[in-house]
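By convention in this document, chain letters (A, B, ...) are assigned in the order of the sequence lines, proteins followed by strands, and residues within each chain are numbered from 1. What you see is a predicted model; the values in this text were computed from it and never measured.
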Number of protein chains: 2
Amino acid sequence: MLDPVARVRRFNRAVTSAVGALDGSFLGRGRPLGAARVLNAIGHGRSDVAEIRDYLGLDSGLMSRLLRSLEDEGLIETAAREDDARRRMAKLTRAGRREFAAYEALSNAQAEGLLAQPSQREALLAAMDLIASALTRERISLDEMDPRGEEARYCLGEYYAELGRRFSQGFDVSLSRDPDAKDMRRPRGAFLVAMSDTLPIGCVGLKGTDHGYAEIKRLWVAPAARGLRLGRRLMDAAESAARELGITLLRLDTNSALPEAGQLYRSTGWREIPRFNDDPYPDLFFEKRL
Amino acid sequence: MLDPVARVRRFNRAVTSAVGALDGSFLGRGRPLGAARVLNAIGHGRSDVAEIRDYLGLDSGLMSRLLRSLEDEGLIETAAREDDARRRMAKLTRAGRREFAAYEALSNAQAEGLLAQPSQREALLAAMDLIASALTRERISLDEMDPRGEEARYCLGEYYAELGRRFSQGFDVSLSRDPDAKDMRRPRGAFLVAMSDTLPIGCVGLKGTDHGYAEIKRLWVAPAARGLRLGRRLMDAAESAARELGITLLRLDTNSALPEAGQLYRSTGWREIPRFNDDPYPDLFFEKRL
DNA sequence: CATGATGTCTGACTTTAGTCAGGTATCGCG
DNA sequence: CGCGATACCTGACTAAAGTCAGACATCATG
């Protein structure tokens, strides 16, 4: 009972019964689960029929029948795709949106229910993030995004908060050289966010300058995602983006209070150089030629 | 995406697909899931047919048919119970044990798979324990057990390890008055273990003495189970056991390095008294009249 | 524009899960 | 012993999920 496998199996049992309850509540809306799942996939923005079929693992005949039944209920409309009339697109009607909202409410209620214990709320959420990140590690995608977008701002907020915790003197963004957003957008630079499902769990910025090099800024990995080698993946992607933009020299600054970062840079071809700016926080400076 | 409900739902999605894979692998053994579930319930020691039916939530007719199909396969044998011939017991045949072992191997492999990332192993297990304890909090049972049994020894080991971390001078069991096991067994005392599914997550000992009182010893709650008011439940159960044994006065010692324990005692009718033993570790002493 | 590949749909089918109404043997109790 | 309650079983049924072969329209390609 005390070995790791037994602990995982206990976890499995606990979550299957908790998560299984959702299926039960879905059935309460008087529609078979298969149809409910298709409706929800469409509601979540999947419109391509083949993609939904693939996502839900359905046979094409079965899928077709489920679409028909949802159409008969007046919840969806389908139409051939303009660029390829063999493929079909599905979208919700007004009634379908209402019905989808009802399913969403059930899902949200179930999620709230899992969090019901207020004393444990934060610990529970952190544990869920950790597990979800670990289980979906193969499906973490690195997406180029606007540094002003919601996901990017979330990452930066978490990054600053962490620096505040780890620097003995704290961290005040306004004292640091906050990079201009347009320096981290094409064609001058780029901003990458690591997404696990819908949650941003890491980021890195590539900031263009007018001094013959570009800088790597704001490398951050969520605590729940550490140990998945995500930092390395983000750095690799940032370097690729730099190459695409014709950048041949990269620099970055960091702080010795972040030893894991320094270690990553040293092990991936960066070499230490003298201070090249007057930002008050960094005390370590690196350079890499591409 | 950043609100708690979205994080829980992301966790749900990640876990359902990971755990759902187990059902798929079970189907690989050429038997419907219903039959596989019954076989596994029997393999895990459930033999009473009504109990299995209740556990799996099956209709009595369906259950009967599933038992018949497992019998036809030669995997189980059923017999009327000796004390009540209406009830039936099921047990595995030799072939059934082999088949059960194959399912166990699949379950174990899936559990191992979830842990595959060695760098995160401990963090992942701790997160799983936390979640499993929180989700099954309504089903935590307090069982009276032998203080020398496997579950009790596990709890005591964790308890000692935690004292070692929290006392500035460390903790050495041999210096403390290690209670005699028979003092924590009926009729002199009792030892209670809180079980969540198959994992021990807390304990408390009631130790009989020859001095007109009994002592509460070894109150421990696993980190993953804190915030569930388990300490209070354990203390209530220990007091009930004491009343059953005709004990009217309880004492306990504790240490001010464990503030949450002191707070629990003060809020549940214990009053502080002068030192009543010469154990080197405690510096706080309490008494409660039942 | 003929041809093979692709995506969807339909009809016919099977398996699994689950429900319900009796039926039979056994038990506890007056 | 008789009687109602209990535990299990059987037969008849339904709903849901899934499989498979073939039909049809459309697409990309030579």
Figure out the [atom1]/[atom2] separation between [X] and [N], and round it to whole Å.
X       : N      : atom1 : atom2 : value
B/Leu56 : C/dA17 : CG    : C1'   : 13 Å
B/Asp23 : D/dG18 : CG    : P     : 12 Å
A/Glu82 : D/dT26 : CD    : P     : 15 Å
B/Phe26 : C/dA17 : CZ    : C1'   : 18 Å
A/Leu66 : D/dG18 : CG    : P     : 9 Å
A/Arg81 : D/dT26 : CZ    : C1'   : 13 Å

Per-nucleotide protein contact along nucleotides 3-16 of chain C, 5' to 3', at a 4.0 Å heavy-atom cut-off (B base, S sugar-phosphate only, - neither), is --BBSBBBBB---S
Discussion item. Nearest heavy atom decides the nucleotide; on that basis, is A/Arg37 or A/Asp83 closer to the 5' end of DNA chain D?
Written reply: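 Between the two, 5'-proximity favours A/Arg37.
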Check your understanding: Looking at CD of B/Glu239 and CG of B/Leu234, how far apart are the two atoms once the value is rounded to the nearest 0.5 Å?
Key ->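 If we round to the nearest 0.5 Å, B/Glu239:CD and B/Leu234:CG are 11.5 Å apart.
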Is it true that [X] and [Y] have a side-chain N and a carboxylate O under 4.0 angstrom from each other?
X        : Y        : result
B/Glu150 : B/Arg153 : no
A/Asp84  : A/Arg86  : yes
B/Arg186 : B/Glu244 : yes

Practice task
Among residues two or more places apart or on two chains, list those pairs meeting ring pair (Phe, Tyr, Trp, His ring centres under 6.0 Å) that have a residue in residues 3-22 of chain A.
Solution key: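 The answer is none; no pair qualifies.
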Practice prompt. Could you list all the ring pair (Phe, Tyr, Trp, His ring centres under 6.0 Å) pairs where at least one residue sits in residues 43-81 of chain B, not counting sequence neighbours?
Written response: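 Counting only pairs at least two positions apart or across chains, the ring pair (Phe, Tyr, Trp, His ring centres under 6.0 Å) contacts touching residues 43-81 of chain B are B/His44-B/Phe100.
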